[in-house]
Amino acid sequence: MKSEPSEVSVDDVLAMPEATVPWFGVRNYLARNYMRDRMKVGDLVLFYHSSCPEPGVAGLAKVVSKAYPDDTQFDSKGKYFDPKATREEPRWMLVDIKVTKKTRLVSLAEMRAHPDLASMIVLQKGNRLSITPVTPDEYATVVGLTKKAAA
DNA sequence: GCCAACGTTGGC
DNA sequence: GCCAACGTTGGC
């Protein structure tokens, strides 16, 4: 799951109660569907920092809630307001994410260089989706990289 | 700031 | 339903 650290970083989440944050602001249907339809409490998450000087995985996290409506869609003054969403028929859903560990930053370049991650969706050319599925093997490989000395 | 690769919008 | 125009993402 991608987040811009200037908006919400791993450190920001660790400073929150329970180190937990609602994953607000997703406004892409496929990303929403992943949260709404495929994520379950306990699912493991790679917390990725994007649009920053050093993009890459910065922490490990897990899903700690089922999907529920993203409140920011109802805030008419906020940047995530959606005039077509209503309380009765919310358009955007989110899950709560708990950061379980801050890791050393595993850079995008480092992940691209690892042969076992060649098929990882987030690394594919043209991928812009802020939430993408990760296989158990890919997850384990990235966790392994977090434990290595910095490249 | 550039630009590839999308996703969305809206006229028809 | 088509598709051109436009907006966004995100690495570089």
Side-chain angles (χ1 to χ4, degrees), chain A residues 1-16 21-39 43-63 67-135 137-151:
Chain A
M1 300 177 80
K2 297 181 187 173
S3 180
E4 301 187 13
S6 60
E7 186 140 23
V8 181
S9 70
V10 166
D11 285 332
D12 293 335
V13 180
L14 285 172
M16 291 175 179
V21 65
W23 205 260
F24 62 88
V26 168
R27 294 295 179 268
N28 172 284
Y29 289 106
L30 192 49
R32 177 203 67 182
N33 292 350
Y34 283 137
M35 289 198 283
R36 187 189 62 188
D37 304 332
R38 295 186 55 174
M39 287 189 184
D43 281 356
L44 302 179
V45 171
L46 298 172
F47 195 121
Y48 180 97
H49 283 175
S50 66
S51 293
C52 58
E54 210 176 359
V57 170
L60 305 180
K62 63 182 179 180
V63 176
Y68 63 95
D70 179 348
D71 265 341
T72 64
Q73 72 194 297
F74 308 123
D75 176 5
S76 60
K77 298 191 199 70
K79 65 185 278 197
Y80 296 115
F81 178 60
D82 183 343
K84 293 180 181 169
T86 64
R87 297 270 176 191
E88 294 70 31
E89 286 193 65
R91 178 178 294 196
W92 304 109
M93 307 288 280
L94 53 68
V95 295
D96 289 344
I97 295 297
K98 179 185 180 80
V99 171
T100 52
K101 186 172 190 184
K102 179 180 178 176
T103 65
R104 80 170 179 88
L105 191 118
V106 177
S107 73
L108 188 55
E110 194 176 347
M111 287 193 284
R112 286 199 200 287
H114 198 296
D116 292 349
L117 299 179
S119 313
M120 199 170 173
I121 292 173
V122 76
L123 303 181
Q124 302 309 304
K125 179 180 170 70
N127 168 73
R128 296 182 311 163
L129 207 55
S130 64
I131 298 176
T132 49
V134 176
T135 68
D137 283 350
E138 289 164 352
Y139 190 89
T141 299
V142 174
V143 170
L145 287 175
T146 68
K147 293 172 182 168
K148 280 178 54 178

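The sequence lines fix the lettering, A, B, ..., with proteins before strands; numbering per chain opens at 1.
Protein atom CD of A:Gln124 is 15 Å distant from nucleotide atom C1' of C:dG11, rounded to whole Å. A straight line from CG of A:Asn28 to C1' of C:dG7 spans 13 Å, rounded to a whole angstrom. Separating the CG atom of A:Asn127 from the P atom of C:dT9 is a distance of 13 Å, rounded to the nearest angstrom. Atom CZ in A:Arg91 sits about 11 Å away from atom C1' in B:dT8, given to the nearest Å. For A:Tyr29 and B:dG7, the OH to P distance is 13 Å, given to the nearest whole Å. To the nearest angstrom, P of C:dG11 lies 11 Å from CG of A:Leu123. For the pair A:Ile131 CD1 and C:dT8 C1', the interatomic distance rounds to 16 Å; values are reported in whole Å. The nearest whole Å value for the distance from the CZ atom in A:Arg128 to the P atom in B:dA5 is 11 Å.
With distances taken from any side-chain atom of A:Lys2 to the nucleotides C:dG10, B:dA5, B:dT8, the minimum falls on C:dG10. For A:Arg112, the side-chain atoms get nearest to C:dC12 when compared with the rest of B:dT8, C:dC12, C:dG10.
Proximity of A:Lys125 to the phosphate of B:dA4: no side-chain N or O atom is located under 4.0 Å from OP1 or OP2.
Taking the six-membered ring for Trp and the full ring otherwise, the centers of A:Tyr29 and A:Trp92 sit less than 6.0 Å from each other.
Environment of NZ in A:Lys62: sparse, with no more than 12 heavy atoms of neighbouring residues, nucleotides or ligands closer than 6.0 Å. No more than 12 heavy atoms of other residues, nucleotides or ligands lie within 6.0 Å of CZ in A:Arg38, so this atom counts as exposed by the packing criterion.
No contact: A:Leu30 has no heavy atom under 4.0 Å from any strand.
Listed in residue order, the members of residues 44-58 of chain A having a heavy atom less than 4.0 Å from DNA chain B come to none.
Shortest non-hydrogen contact noted between A:Lys79 and A:Glu7 is NZ-OE1, 3.8 Å.
Residues A:Arg27 and A:Thr72 bring a donor and an acceptor atom of their side chains to less than 3.5 Å of each other.
The backbone N or O of A:Val106 lies less than 3.5 Å from no partner atom in the side chain of A:Glu54, so there is not a single donor-acceptor pair. The main-chain N or O of A:Leu30 is never found under 3.5 Å from a side-chain atom of A:Asn33 such that the two would form a donor-acceptor pair.
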